[in-house]
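What follows is a short report on a single structure.
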Amino acid sequence: MGELANCARCDKVFVKITKSICPDCVKEDEKLFQIVYDFLKKRENRRATIPEIVEATGVKEDIILQFVKDKRLRSTQFPNISFPCERCGEPIASGKICENCQNELSSDLRYQQEIEQVKQRNEQHEKERTQTYYTRSKED
Ligand SMILES: [Zn+2]
Ligand SMILES: [Zn+2]
């Protein structure tokens with residue numbers, strides 16, 4: 001069963017099953033995808049960049065980027081389609097962030113985990129202390 005949600009594109013309430021946009025927008029997306037795909041399919045357009053596709057088809061950049069993110073348009077097929085890394089803006093063709101950021105984030109993550117462990121240890125100590133205090137005061 002789906003849940004009610006607001007369409008991420010037009011804000012209409014709809015029953016969400018797998019997609020974050022409503023059936024109307026999905027249909028609209030299909031139409032736009034076809035336009036973009038028909039354009040890219042032509043041999044002379046294979047190497048088009050996203051701004052060039054926007055220019056030629058009139059389809060908005062974020063919609064094209066969504067097609068790339070959904071892997072409906074693949075950079076193996078169309079070498080110049082890419083989208084900015086969510087962290088630093090470098091053009092990438094898969095995932096959400098570039099390799100550099102991925103590396104940085106994973107070391108950040110390790111650091112975060114270490115901090116978390118220290119925090120938990122401290123909390124544990126704190127708990128033990130208050131428990132001891134509690135038992136002791138009960139004996140009084
Ligand atoms: Zn919609
Ligand atoms: Zn990056």
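From a predicted model like this one, the values you see are computed outputs, not experimental measurements. Both counts, for ligands and for their atoms, begin at 1 and track the order of listing.
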Notebook entry, point to check: Counting N and O atoms only, with roles assigned by atom type, does the side chain of Asn45 sit under 3.5 Å from a partner on the main chain of Phe39, one being a donor and the other an acceptor?
Noted result: yes
Notebook entry, point to check: Does Asn80 use its side chain to pair, donor to acceptor, with the backbone of Arg47 at less than 3.5 Å?
Noted result: yes
Margin query: Looking at every non-hydrogen atom in both residues, tell me the closest pair between Ile50 and Glu61 and how far apart they are.
Written below: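 Heavy atoms of Ile50 and Glu61 come nearest at CG2-CG, 3.8 Å.
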Next item on the list: Just to the nearest 10 degrees, tell me the angle at the Zn ion (ligand 2) spanned by Cys88 SG and Cys85 SG.
Entry: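 SG of Cys88 and SG of Cys85 make an angle of 110° at the Zn ion (ligand 2), to the nearest 10°.
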Next item on the list: To the nearest 10 degrees, calculate the angle at the Zn ion (ligand 2) involving SG of Cys101 and SG of Cys98.
Entry: 100°
Notebook entry, point to check: Could you state the interatomic distance from CG (Leu109) to CD (Glu114), rounded to the nearest 0.5 Å?
Noted result: 10.5 Å
Item checked: Distance (rounded to the nearest 0.5 Å) between Thr57 OG1 and Phe33 CZ -> 12.0 Å
Check: Glu30 and Arg72: salt bridge (Lys or Arg N to Asp or Glu O under 4.0 Å), yes or no, with the steps?
Finding: CA-CA 11 Å; Glu30 281 314 305; Arg72 300 182 70 186; 3.1 Å; yes
Note to self: Can you count the protein N/O/S atoms lying under 2.8 Å from the Zn ion (ligand 1), leaving waters out?
What the structure shows: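 Counting protein N, O and S atoms closer than 2.8 Å to the Zn ion (ligand 1) gives 4.
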Margin query: I'd like to know if Arg9 pairs up with Asp24 as an ion pair, taking the criterion as any Lys NZ or Arg NE/NH1/NH2 lying under 4.0 Å from an Asp or Glu carboxylate oxygen.
Written below: no
